[in-house]
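Everything below concerns the one structure shown next.
Numbers restart at 1 for each chain; the letters A, B, ... are given by sequence-line order, proteins then strands.
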Amino acid sequence: MDDGTASRGEVLLSVDGLTKSYGAVRALKGVSVEVRRGSVHAVVGENGAGKSTLIKIVSGAESADAGRISFDGAPVAMASTNAAMGLGIATVYQEPQLFADLTVAENIFVGREIVRGGRIDWRAQSERVRTLLADLGLPERYADRQVGDLSVAAQQQVSIAKAMAGEARLLILDEPSAILTDNEIDILFALVRRLVARGVAVIYISHRLDELFRVTDTVTVMRDGDIVGTYPTDDLSVREIAEMMVGHELANDRPDRDAPDGEPLLSLRGLGRGDLFHDIDVDVAAGEIVALYGLVGSGVDEIAKTLYGVERPTAGTIAVAGRPVDVRNPRAAQRSRLAMLPSDRKHQGVFAFQSIAFNITTGHAHRFRRFGFLMDRARENTVAKDLMAKLAVKAPGPRTPLNALSGGNQQKVVLARQLVERPDVLVLEEPTQGVDVGAKEEIHRLVTELAEQGTAILVVTADLPEALRIADRLVVVRQGTTTVEFGPTARQADVLAAAAGDTGSEDAA
Amino acid sequence: MNAVTTAARAKDRAPGLGARALRALVTQRLVLLVTLLVGLVVVMKLLERGGYLVASYSSDYLAASLIDAVPLGLLGLGQLVVIVSGRGGIDLSVGSMVSVSGMLFGFAIGEWGWPLVPAVLFALLSGGLLGAINGFFVSAMGFPALITTLATYYAYSSIALVVNDSSPISTGPIQDLTWLTRPVELPMFGQYVPDFPMGIFLFAIPVIVLLWLNVTRGTYGRQLYAIGTNDTAGRFAGVPVGSVRFRAYLVSGMVSGLVAVVTVSQFASARPDAGTAGNGMALPAITIAVLGGVAITGGVGRVVGVVVAAVLVVWLNAGILLSFEGSEGSQYQLLALGGVLIFAAILNGVTTRRYGGTS
Amino acid sequence: MTTTAPAPARSTMPLLSGRVTGQELVLLGVITLLWLALGVSTDTFIQAGTLSNLAYNVAPIALVGIGMTVVIVCGGIDVSVGSAVTVVTVIVAKLVRDQGVSLPVAVVVAVGVGALLGLVNGVLISVGRVHAIIITFGTLNVFRFVALRIFDSEQVAGVPGTLAVLGGGQTGETLHVPHAFVVMLLLAGAMWWYMRNTAGGRHLYAMGGDRLAARLAGVKVQRREVLAYVLTGVLVGLASCVVIGGGGLIGQNVGVGLELQVIAAVVIGGTSIMGGRGTVLGTVLGALLVGTVASGVTILHWPSQLTSLFVGVFILVAVGTDVVRERSRRRA
């Protein structure tokens, strides 16, 4: 179709010795990689391996501390996302960044409209977009629809079309399949193949290892800010990729504890919500820590929200201590002695400019009520100080504003809020996301302690080492439902392979 | 060190006294307001000494002028509650709620011959009902507060006018109510202090105390500030978000009902346009709230700040009235109100960006 | 490889495919029904005098509404327009009466002063980075102060008919159509075209939808924002000319409360208060609806105060449809 096919195989992007540190954390330790024209190049690695940092630097969103980038044979300085786009490097994020009230054609041309005589040339724009959509195998009728009226999958396709309209030569897809259904993924892959045929290079980020074999030709595995290796996809298996991502197994330093097996305190039977997840069966006994492990898009995060009444289930039952409970809203969940630590601390967890005590006691008004309406400030102080000591929150006092604390300490405060009413069941969603190593250790220790005091704990996480370290049992969620179960001595590579869709290892448990 | 962000670090740098004073002035809204209040009185006293005033800026004059702070301050507190509740909270309809409640109060007292206490309760109730309608649309239906209360502003003002064919009620029983707002000598130590208007004790202080107890010291206040600071986190924490926000608008309505009683007795007449004449009452109330340190984005603002801001504006207005002959004074009051609002808003913005917020 | 495009069922251009939105059609329907009902039930509604009076009354609200639509679409609001009208009206009325300035000069001064007031708003909002409603609440008071100082405690009486060509009397009409209404329609049409068909116009919607994303796409957000307020000021100037043309006596309360009527017209016209959606055509229809109701209430000898009640209900219905639409969209 164009000369792209002719130059296929040449190196388009070359990254050499890239380093980047955030404070004391070394996110990239001298990364070198080459991406070729006409290639779909997967970058895989566990959370924190450095994938997203690498992508941010290549797309101009952040700058590296050291290292060289060259594009199309010439060294380039990626000063901003606009500079990167100018070169022909476009990134499509999970959440489509489009204007809902403008049409698809307008979205594609916003900021660089085709203008004739002061007026937007609708016909030319529309025709260009139709040609573009047809080229990409997308429905031409999208062109004049308002973006807000399209499905999420269609919006993602539009984002890709928009990148291509800007003559992108390197397209970065950041976990594009996470929000899509199987059918939509097929359409996405067809689109990616068509782009590659035109000589575009694609960097494909995904957690779902099984799909790499369907669409990528090269895989780069990252671990701890380093590159483990770059291989032709066909030379590897899901299992081998998983092994490389995990590296040599560390001696599991999980504390010695006897897994209790009493009557289940929390028990989910056939729980489902719409097409997000279905037939979830999980039991957690008093004093037990169970991890629900699933990749982004597996529906695992939606399970936690449903348990806690943020969303309502459409099927199945939730029972606490043998009694079925109707969790209409978070308050009802609390009354059923359920508590949940949300994953998105900034949006769902903290009251940023309020005090630590405020953050701990909010939502528990009825426990601090005096004379029917007053806040018992003395009691509040005692409870806050108590929990701050128990959770080792480092702060001058309970009246310190929360936004003066580090991420780890903020997380401990939000966790403290869940403990005010001594819940029977504690759901922890990504309990150590965005906290430093020290705080992570402390949170793990706390969770174990809570379990020892008889709380049933369900950890929902995509952090596999964490899950294996603290959980007594690990249940894998894949494609919206519970699949295999592993014990605490399971190998990371086995679990990862199971979650990523390597059906061959399902009997590993 | 890692545990402390930049905002707190700035505090650790141990700046000089001047810098600390400046910091307190711009970040502690109460410090600023009290400083302005003292400065205002000093300047007015100097002007008086120099013979520039048409009458004495005396303590009696200041005490008597406080009656104007009652409606202003109470409605400012109503705005505090709805603005703090977040998600673009605001109540433009307070003026019409005052008009409607005032007319109903006027009917009860002036036409139906009700005793005072049930009539006041009636006014409170009617204000509460109107506020509940606002609250229903905003919290249950998710309508934007600005437009909802604009719509009810229209609807309520129409009701106030229609209910008595646009004419005021000023029968004998209503004219007898002026004692509610007139200055009185306090018992026991009354001769040592100026005479304060009765309305201060009957309306302002009880409401201020009640709101302070509930909003600053009460469990309701905790929930209110929580949803105003972060609506989603409030939901995840188990705060009944809808009910808390609904009650904020209910409070604004009830406060309007009480203000209606004050204005009716102050003017010895229940006027159908009491709250909507001119620019209405919502605007000054919002100004007082913002000046008092309420952030329009929600979750920030203190009862004491709004009360001091109301006193500051009323005494500033009183001073301006003495500084000019005729109607010029009331014109300069507009300039002062607008200027002070813009000043306070820009100050709020600057402090948020530079110091991480006002308290 | 060439794909033959299937013949599109609808025209390819937004200009043709969705020339009017659903809300506009509904409004048009409601207005038509009201006119029919009033025409059938009264003898006086379908009369040149009534209708031209209606058109004249709608003109200043719709004129300012054009600017307000732009401001709200790009994510702001301006509650100071009423006071701005007071300022421009008193300045121009005094100039016309005391200096005897001509029509063109009067219009230029009105537009200039209006633009200046809009510039003050725009700069304070854009540079001060403060919420528009707070700033314009403040300037509402300051502008009113300025106006009252110029009034100097007296209404402006005996204004000559220099601007009567834009007024509501005989000179202001051609074939019973008020010139002010025609001017408004022309400007609204121009603005409607601009917002639909030019890059600058579309950028207003982008800004209101997602300010940050718009800036990243290369939209000059701050400049457009300031210009939106200046445009509103210009239209305030024209609306003031229409007001002066209406009569020889300018009272001190001229323009008071106009901002609420204008915002009501804009919201009823389907513009989302959250920004990013709305059309000038809708605003004109919204103003016409409000005007029709006011006129109908008068003709039916209902208490005139009922108009506000209807306006309030219309606003709630308009916002309700907007909210429902957003919700169903998010679910999709």
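No side-chain heavy atom of C:Val130 sits under 4.5 Å from any side-chain heavy atom of B:Ile296. The shortest side-chain heavy-atom distance between C:Phe137 and B:Leu341 falls under the 4.5 Å cut-off. Between C:Leu316 and B:Phe143, the closest side-chain pair of non-hydrogen atoms falls below 4.5 Å. Inter-residue side-chain proximity for C:Val142 and B:Leu337 is flagged as unmet; no heavy-atom pair is nearer than 4.5 Å.
When all heavy atoms of C:Val319 and B:Pro144 are compared, the closest pair comes out as CG1-CD, 3.5 Å. The shortest non-hydrogen separation linking B:Ser158 to C:Leu306 is OG-CA, 3.7 Å.
Neither the backbone nor the side chain of C:Val313 comes within contact range of chain B, judged by heavy atoms closer than 4.5 Å. Of the atoms belonging to B:Ser157, it is side-chain heavy atoms, and not backbone ones, that fall under 4.5 Å from chain C. When heavy atoms are compared at a cutoff of 4.5 Å, B:Tyr332 approaches chain C by way of both its backbone and its side chain. For a residue to count as touching a neighbouring chain, one of its non-hydrogen atoms must lie under 4.5 Å from one of that chain's; by this rule C:Gln261 touches chain B with backbone and side chain alike.
A distance of 5.5 Å separates CG in B:Leu334 from CG in C:Asn141, rounded to the nearest 0.5 Å. Rounding to the nearest 0.5 angstrom, the gap separating the CG atom in C:Leu260 from the OH atom in B:Tyr154 is 4.5 Å. Taking CD of B:Glu328 as the reference point, atom CG of C:Leu148 lies at 11.0 Å (rounded to 0.5 Å). With rounding to the nearest 0.5 Å, the separation of OH in B:Tyr156 from OG in C:Ser308 is 14.0 Å. We find the CG-CD1 distance between C:Asn121 and B:Ile342 to be 8.0 Å, quoted to the nearest 0.5 Å.
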| message | Working note: B:Leu335 + C:Val146, criterion side-chain contact (heavy atoms from CB on, under 4.5 Å); need CA distance, chi angles, decisive distance, verdict. | response | CA-CA 8 Å; B:Leu335 177 66; C:Val146 172; over 6 Å; no
| task | Take B:Gln331 and C:Phe151, measure what side-chain contact (heavy atoms from CB on, under 4.5 Å) needs, and give me the verdict at the end. | result | CA-CA 11 Å; B:Gln331 294 168 10; C:Phe151 267 114; over 6 Å; no
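Of all residues spanning residues 74-90 of chain B, those with a heavy atom less than 4.5 Å away from chain C's heavy atoms are B:Ile90, arranged by number. Residues of residues 60-81 of chain C placed with any heavy atom under 4.5 Å of a heavy atom in chain B are listed by number as C:Ile77.
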